[in-house]
Amino acid sequence: MQAHKLPASRGWAWVKAGFALYRRNPFALAANVMLMWLVLMFAGMMLVPLLVTVLPESVAPWIAQAPLALLLPALSVGVFNVCRTIEQGDTVLPFSLFSGFQRNLRELVVLGLIYYVGSLLALALTTAWDGGLLIDVMQGRRKLDDPALDADALMRSALMLMGLTMPVMMANWFAPLLTAWREVPPVKAAFFSFIAFWRNFAAFLVFGLAVALVLWLIPGVIGAVIAMASPTLGASIAMMLPMLLIPGLYGAFYANALDVFPGLQDGPLA
């Protein structure tokens with residue numbers, strides 16, 4: 001699969017294209033994105049209490065993430081199938097989210113495993129470096145308002161974890177669609193995804209800034225203005241608006257994938 005190298009300005013174009021797609025069928029896209037997160041949330045809520053009965057409480061949440069990570073690529077492909085159906089002007093059928101399980105499921109599970117192992121490795125390296133400071137805060141064993149907490153050390157640990165997980169994210173950004181729609185083997189898809197992300201790093205920086213603007217800055221400003229008249233309403237709007245806009249972000253992910261890998265458009269619907 002040939003990945004195009006695009007100018008930085010394409011990052012903003014992906015956001016515009018994503019929300020244009022969202023406007024064509026907001027209910028279908030929002031319903032499937034919401035269903036995906038409900039599936040992941042309830043799966044996690046059921047798994048953690050079960051695992052706590054047989055594993056140490058500090059370990060259970062991380063083990064519970066494994067099946068969620070294995071499911072995520074197929075669920076993501078399901079959302080992108082919905083985006084493709086909307087783009088083609090066809091009817092989105094009920095439970096289209098689960099269409100991602102219909103093709104190359106084993107390979108998509110392998111991609112989920114790659115992401116999970118890579119994320120755990122990044123966390124393990126960070127823990128070895130900071131003596132467990134960050135993971136203690138993440139699991140609530142240490143509080144952010146603890147006077148003895150070294151805020152600078154915590155920030156360095158968080159930045160290190162972000163830096164270590166960045167290659168994992170890059171390798172998994174395009175990989176599910178490459179595997180599901182073009183039948184690229186998982187490891188090869190992860191490699192192609194990493195290279196494509198790296199070649200378009202400037203566009204992704206613009207994309208990240210545009211997402212922050214649309215999802216956080218604009219809702220925050222709107223909420224702050226409304227809060228002058230009604231603090232409760234302003235806070236509610238500042239929290240709810242990003243949730244309403246997130247489906248458009250998935251549309252932007254779809255537009256981004258087709259822009260970088262135009263050959264995906266020729267692939268079969270998963």
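In what follows, residues are counted from 1 in the order of the sequence shown.
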Mark yes or no for whether Thr127, through its side chain, and Gly132, through its backbone, hold a donor-acceptor pair below 3.5 Å.
no
With side chain to side chain contact (heavy atoms under 4.5 Å, CB included) as the criterion, how do Val82 and Tyr254 come out once you've worked through the C-alpha distance, each side chain's angles and the decisive distance to 0.1 Å?
CA-CA 10 Å; Val82 170; Tyr254 172 78; over 6 Å; no
Okay, side chain of Asn32, backbone of Leu97: is any donor-acceptor separation there less than 3.5 Å?
yes
Who pairs with Asp259 by salt bridge (charged side-chain N to carboxylate O under 4.0 Å, His left out), at least two apart in sequence or on another chain?
Arg10
Apply side chain to side chain contact (heavy atoms under 4.5 Å, CB included) to residues Trp181 and Val77 and explain how you reach the verdict.
CA-CA 9 Å; Trp181 287 2; Val77 170; 4.2 Å; yes
Search all heavy atoms of Leu111 against all heavy atoms of Asn172 and return the closest pair with its distance.
O-OD1, 3.4 Å
What residues form a ring-ring contact (aromatic ring centres under 6.0 Å, His included) with Phe197, not counting sequence neighbours?
Trp173, Phe204
In terms of the angle between their ring planes, are Phe253 and Tyr250 parallel, tilted or perpendicular, with boundaries placed at 30° and 60°?
perpendicular
Nearest heavy-atom neighbours spanning Leu21 and Cys83
CD2-CB, 3.6 Å
Please check if the number of heavy atoms outside Phe191 that lie under 6.0 Å from its CZ is greater than 12.
no
For atom CE of Met243, decide whether the heavy atoms of other residues, nucleotides or ligands shown that lie under 6.0 angstrom number more than 12.
no
For the pair Asn256 (side chain) and Trp14 (backbone), establish whether a donor and an acceptor sit closer than 3.5 Å, ignoring hydrogens and angles.
no
Please assess Leu178 against Leu264 for the test side chain to side chain contact (heavy atoms under 4.5 Å, CB included), listing each intermediate value before the final yes or no.
CA-CA 7 Å; Leu178 291 172; Leu264 284 172; 4.1 Å; yes
Please walk me through it: do Phe261 and Arg182 pass side chain to side chain contact (heavy atoms under 4.5 Å, CB included)?
CA-CA 11 Å; Phe261 285 101; Arg182 301 298 291 172; over 6 Å; no
Closest non-hydrogen atoms of Leu68 and Ala43, given as atom of the first, atom of the second and distance, are CD2-CB, 3.4 Å
Smallest separation among heavy atoms of Ser157 and Leu133, with atom names
OG-CD2, 4.4 Å
Of all the heavy-atom pairs spanning Ala30 and Pro247, show the shortest one and how long it is.
CA-CG, 3.7 Å
Once rounded to the nearest 0.5 Å, what's the spacing between atom CG of Leu245 and atom OH of Tyr22?
7.0 Å
Set out, in order, the CA-CA distance, both residues' side-chain angles and the distance that settles salt bridge (charged side-chain N to carboxylate O under 4.0 Å, His left out) for Arg24 and Glu87, then state yes or no.
CA-CA 8 Å; Arg24 290 179 61 178; Glu87 183 183 44; 5.9 Å; no
Asn200 side chain vs Leu6 backbone, donor-acceptor pair below 3.5 Å:
yes
Looking at Leu113 and Leu70, what are the two nearest heavy atoms and their distance?
N-CD2, 3.4 Å
Within the 4.5 Å heavy-atom criterion, are Ser9 and Val206 side-chain neighbours or not?
no
Which pairs with one or both residues in residues 106-124 pass side-chain hydrogen bond (donor to acceptor under 3.5 Å, both in side chains), sequence neighbours excluded?
none
Determine yes or no for a side-chain-to-main-chain donor-acceptor pair under 3.5 angstrom, with Ser96 supplying the side chain and Leu93 the backbone.
yes
